[in-house]
Amino acid sequence: MANGPSDHRTAIVLQGGGALGAYELGVLQAIYDRRPGFAPSAVAGISIGAITAAVLGGARGDPIATLETLWRDKLTVLPRIPGLGRVPIPFLPRDVEQSLAVLGNPGMYSLNPEMVLGPLAATSIYETGPLRRTLHELADLDKINRGDIRVIVGAMDIETAMIRYFDNADGAFTFEQTVASGSLPPGFPMTEVDGRWYWDGGLFSNTPLGPAINYLESVEPGNDAIHRELIVVELFPRVAPIPRTLPDVVNRMVQMQYTSRIQLDEKLSRKIDKMLDLIERIDSELPADSPVRQDPAYVELANHRRIEFKVVEAHLDADLTNAGDFSRASIEARIAAGYADAERAGL
């Protein structure tokens with residue numbers, strides 16, 4: 001069982017959102033800082049959230065320090081002088097630096113050669129070999145599959161248009177499953193897993209609540225002393241200014257496409273608690289020999305467990321909401337914003 005209070009089980013849900021995922025690092029930093037000895041019982045992620053989940057669950061060193069390496073060293077795109085390795089270009093205009101990732105990201109993707117040789121035959125703009133190398137460098141598959149953290153990632157089956165969740169419960173988790181979760185077309189190529197082809201899970205649902213809730217309800221179901229907590233990190237804002245330019249239109253369209261379809265707020269949480277209170281009351285007053293107790297629908301209702309929902313909504317300046325902006329200044333600002341928002345949410 002993961003570290004932390006013996007009667008607490010925490011599942012964390014991480015959305016996809018490209019470079020916005022740096023915000024999730026800030027949230028996790030705050031949680032680990034404020035809860036000494038903490039580690040989640042489960043982490044479910046989509047796309048960049050899946051990458052974070054895999055690194056968190058299999059980090060070769062300290063999990064937060066490894067995630068900092070992921071974002072500050074591997075995924076941050078710096079302007080380089082051609083032929084001079086890591087020597088940066090000084091005084092590059094910010095809008096240019098924010099767009100450099102379109103040429104590739106050394107820790108995640110590079111331009112697909114097929115786009116040059118035969119663009120009409122290509123199925124993606126980039127190839128994801130760098131991401132595979134990054135995952136193998138920072139995370140240990142044996143640790144993921146034998147560790148205490150349940151890791152769950154979602155990808156969309158291209159042929160059936162249904163989402164499939166991969167997890168380490170059976171000890172067969174692979175990095176290809178993680179890559180599949182982040183294979184967003186047409187930028188990234190489809191990924192094969194066990195003979196089937198997948199795209200980014202965010203095309204189906206960008207917030208993997210179902211597997212996280214199912215996990216929490218399955219943990220020690222007969223132990224009423226267990227406190228179950230679900231922390232959801234939302235990267236895309238629900239509310240934003242009216243777009244004024246074409247890039248603003250595209251950016252807002254992406255936000256609306258990938259934001260959570262379920263508004264997790266205190267009102268919803270109270271409704272769920274009232275339902276569970278009623279189920280517990282019925283269960284205590286129902287005769288032990290009542291045939292209702294054998295009804296599959298009643299059994300399913302009675303197996304639901306109380307879960308404390310906590311949502312961290314990203315409060316980012318408009319300048320930081322471009323999911324393709326991997327510039328250092330933007331990455332650092334998102335990390336700081338995630339930390340501040342997590343503290344504000346009382347995590």
Side-chain angles (χ1 to χ4, degrees), residues 2-5 7-46 48-49 51-53 55-57 59 61-72 75-76 149 206-209 212 216 227-240 255 259-260 262-270 273 307-323 325 327-347:
N3 294 332
D7 61 344
H8 276 59
R9 303 293 181 267
T10 300
I12 300 176
V13 172
L14 302 173
Q15 286 187 338
L20 305 188
Y23 178 91
E24 294 171 335
L25 167 57
V27 173
L28 290 169
Q29 282 179 327
I31 296 173
Y32 273 72
D33 283 352
R34 299 302 182 183
R35 303 183 183 187
F38 171 82
S41 296
V43 56
I46 295 289
I48 196 67
I51 296 170
T52 297
V55 174
L56 184 68
D62 175 82
I64 297 302
T66 304
L67 284 174
E68 289 175 344
T69 298
L70 172 69
W71 280 101
R72 292 188 165 118
L75 300 187
T76 294
I149 300 176
N206 200 37
T207 312
L209 293 174
L216 287 174
H227 178 85
R228 297 169 175 83
E229 175 188 43
L230 180 67
I231 299 175
V232 182
V233 184
E234 294 193 335
L235 296 179
F236 291 97
R238 295 180 184 278
V239 180
Q255 292 172 359
T259 190
S260 176
I262 302 174
Q263 187 166 0
L264 296 173
D265 54 20
E266 293 181 2
K267 185 177 180 181
L268 174 61
S269 182
R270 287 195 298 269
D273 286 345
I307 298 174
E308 182 182 8
F309 286 82
K310 296 180 179 178
V311 182
V312 184
E313 297 182 53
H315 295 94
L316 298 172
D317 293 340
D319 188 44
L320 299 174
T321 60
N322 181 354
D325 171 15
S327 64
R328 179 179 294 281
S330 296
I331 294 296
E332 293 297 333
R334 294 186 192 112
I335 294 173
Y339 198 102
D341 285 348
E343 288 195 312
R344 191 178 298 113
L347 297 187

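Salt bridge status for D325 with R334: present, with a side-chain N to carboxylate O gap under 4.0 Å. Between E234 and K310, no side-chain nitrogen of the basic residue sits less than 4.0 Å from a carboxylate oxygen of the acidic one, so the salt-bridge criterion is not met.
Classified by interplanar angle (parallel below 30°, tilted 30° to 60°, perpendicular above 60°), the ring pair F38/Y32 is perpendicular.
Looking at heavy atoms from C-beta onward, D33 lies in side-chain contact with Y339 at the 4.5 angstrom threshold. Between V233 and V311, the closest side-chain pair of non-hydrogen atoms is not below 4.5 Å. Side-chain contact between L70 and L75 is present, with heavy atoms from C-beta onward closer than 4.5 Å. In this structure, the side chains of T76 and E332 stay at 4.5 Å or more apart for every pair of heavy atoms. By the 4.5 Å heavy-atom criterion applied to side chains, H8 and R228 are not counted as neighbours. Looking only at side-chain heavy atoms (C-beta outward), H227 and T10 stay at 4.5 Å or farther from each other.
One N or O on the side chain of T321 and one on the backbone of A318 form a donor-acceptor pair closer than 3.5 Å. At least one donor-acceptor pair closer than 3.5 Å links the side chain of Y23 to the backbone N or O of E313.
With rounding to the nearest 0.5 Å, the separation of CZ in R9 from CD1 in I307 is 13.5 Å.
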